[in-house]
Amino acid sequence: MYSSSNHSNGYHPHQQHEDNRFGQTHSHSKDRVRRYTRGGATSTNSRRDSHGHAGPTSASALRVSDQPQKPATDFDMAYFHSYAHVGIHEEMIKDRVRTETYRTAIMQHQSAIAGKVVVDVGCGTGILSIFCAQAGAKRVYAVDASEIALQANEVVKANNLSDTVIVLHGRVEDVEIDEEVDVIISEWMGYMLLYESMLGSVITARDRWLKPGGLILPSHATLYMAPVTHSDRYSESIDFWRNVYGIDMSAMLPLAKQCAFEEPCVETITGENVLTWPHVVKHVDCYTITIHELESVTTRYKFKSMMRAPLHGFAFWFDVEFSGPAVSPTNNHTLSLLVDNNPIDGSQRKKRANPNETLVLSTAPEDPPTHWQQTMIYFYDPIEVEQDQLIEGSVTLSQSKENARFMNIHLEYASGGRAFVKESVMR
């Protein structure tokens, strides 16, 4: 169910419930998240290529499966329609960290791609499909449910790759590919990794077409969380109202807190905002994960603050790796950050002793910024924590029953003898 805005907000025995306070409602049809800039939080369209499960079909390109499939919902159709806009694709392609890492990964795995069959799940403008063709792929099936597939087909033609890249306009569940594939590539990651539920499309493609021992790029993903302090952000959005041109507007504070912090915010922070080493929320092995596992993810955490500071909330970020199915997750970067809350120093993980070590695309605060930024869940009121003070609790990320592309977030946190709950929805 949605975490709607009519929950109570007050103290319960040993527990404060942080939630929406003013009975406002939201349209469940908008596929948006909140992005913060210095001018304030603004709503932005979904950030990613039109990866997905559904959409209008193109008679010239689409081959439809004879097997009955789950029909597209109105939410799906609105989602795919949003990705027909060029601006979303422009933002992603201009993210050089993202795009160049994918191109590097393709070239690193050229021996597994050259002369082989590839499927690009959610091809968008077709850029990854073309990278694969340039790496020598025998054939690339570029699948996308949005109208952007029509432009992708023209891009393929303009680059004289129509004999290699076949654009299929439709759902991964519906399009028909008459052969097994050697490689699946997809840029499926949403904000907070799992927002928009696009990994399900990769799993569907894997189960339908990938040969045993085939390659999936990226191969692994890890979602992290850490407590953060961000006094400047709180001051800009909240403390501003205490004195406005000499006028006491503190009556605005409750509404200001709700408007600023009710929903998750997508914004950029730095390593200086992070109070502890991160905790692994979810590790994803794209070779083995099931769709069922994505319906709900729960983890318990325990942090020890490295400094005295106000705790304003939690940050979430992710990284993805590009390796073959034989690589053990315990031997790669994914789990090297955190072992019993005593991780390797963050600066050391950039200095890879082995130049052949797995390629990683990271959205961590200390790494070069990407369009994913970090996802923040702010408290309505900060908690003062001392150095070495424990911060513990749990978080559950679950797909909305009404619209699986939305993410319900149930956060429990406790520190200094006080316990709280905050529920929010990433729309």
Side-chain angles (χ1 to χ4, degrees), residues 2-12 14-28 30 32-44 191-192 195 225-269 273-275 305 309-316 373-385 391 393 395-397 406-427:
Y2 281 91
S3 188
S4 64
S5 50
N6 44 19
H7 293 286
S8 64
N9 178 53
Y11 282 93
H12 301 284
H14 309 295
Q15 188 174 79
Q16 178 179 339
H17 192 95
E18 280 210 13
D19 214 329
N20 310 331
R21 308 178 178 194
F22 298 96
Q24 296 180 351
T25 59
H26 300 274
S27 169
H28 290 170
K30 65 177 183 178
R32 299 175 182 272
V33 296
R34 293 174 64 81
R35 174 173 291 175
Y36 175 77
T37 64
R38 285 190 62 86
T42 59
S43 294
T44 63
Y191 296 124
M192 212 169 172
Y195 174 63
M225 68 179 293
V228 296
T229 183
H230 203 341
S231 296
D232 289 346
R233 171 75 157 93
Y234 198 86
S235 177
E236 291 173 6
S237 301
I238 307 303
D239 291 338
F240 159 79
W241 293 103
R242 299 185 189 279
N243 186 330
V244 182
Y245 292 98
I247 301 170
D248 180 1
M249 288 195 174
S250 55
M252 295 292 297
L253 289 175
L255 180 60
K257 291 176 183 179
Q258 186 207 20
C259 292
F261 302 142
E262 175 186 353
E263 296 179 350
C265 300
V266 176
E267 58 192 69
T268 299
I269 62 171
N273 296 115
V274 181
L275 291 174
S305 180
L311 169 62
H312 289 101
F314 290 92
F316 294 78
Q373 302 176 278
Q374 289 82 42
T375 299
M376 305 291 299
I377 297 180
Y378 284 106
F379 308 153
Y380 291 121
D381 295 291
I383 301 172
E384 294 294 331
V385 297
I391 305 163
V395 64
T396 297
L397 313 176
F406 292 166
M407 181 188 296
N408 293 336
I409 303 167
H410 179 86
L411 175 67
E412 299 182 12
Y413 57 101
S415 190
R418 302 172 66 194
F420 306 84
V421 173
K422 183 172 185 183
E423 295 184 344
S424 54
V425 182
M426 197 160 193
R427 326 173 178 274

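- One distance of note links NZ of Lys257 with CD1 of Ile238; it measures 6.5 Å at 0.5 Å rounding.
- Remark: Ile377 CD1 to Glu262 CD distance equals 12.5 Å, nearest 0.5 Å.
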Test log, rule side chain to side chain contact (heavy atoms under 4.5 Å, CB included), inputs Phe420 and Ile383: CA-CA 11 Å; Phe420 306 84; Ile383 301 172; 3.5 Å; yes

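- Of the possible polar contacts, one joining the Gln374 side chain to the Ile269 backbone as a donor-acceptor pair under 3.5 Å is found.
- When side chains are defined from C-beta on, Pro310 counts as touching Ser231, because their heavy atoms get closer than 4.5 Å.
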Side-chain polar contacts of residues 245-254 - donor-acceptor pairs under 3.5 angstrom, sequence neighbours left out - could you list them?
{"unit_1": "Asp248", "atom_1": "OD1", "unit_2": "Ser250", "atom_2": "N", "d": "2.9"}
{"unit_1": "Asp248", "atom_1": "OD1", "unit_2": "Ser250", "atom_2": "OG", "d": "2.7"}

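- With hydrogens and angles disregarded, no donor-acceptor distance shorter than 3.5 Å links the side chain of His410 to the backbone of Thr396.
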I'd like to know whether Arg233 forms a side chain to side chain contact (heavy atoms under 4.5 Å, CB included) with Phe261, so could you lay out the CA-CA distance, the side-chain angles of the two residues, the decisive distance to 0.1 Å, and finally the verdict. CA-CA 11 Å; Arg233 171 75 157 93; Phe261 302 142; 3.7 Å; yes

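- By the ring pair (Phe, Tyr, Trp, His ring centres under 6.0 Å) test, Phe314 is found to be paired with Tyr301, Phe379, residues two or more places apart in sequence or in another chain being considered.
- Within the 4.5 Å cutoff, side-chain heavy atoms of Met426 are placed close to those of Val266.
- A distance of 11.5 Å separates OH of Tyr378 from OH of Tyr234, quoted to the nearest 0.5 Å.
- Under 3.5 Å, the side chains of Gln373 and Thr268 contain a donor-acceptor pair of N or O atoms.
- Of all heavy-atom pairs between Ala260 and Cys265, the closest is O-SG, 3.4 Å.
- Between Ile409 and Met192 the shortest side-chain heavy-atom distance falls below 4.5 Å.
- Taken from OG1 in Thr229 to CG in Leu311, the straight-line distance is 7.5 Å, to the nearest 0.5 Å.
- A distance of 15.5 Å separates CD in Glu263 from CE in Met376, rounded to the nearest 0.5 Å.
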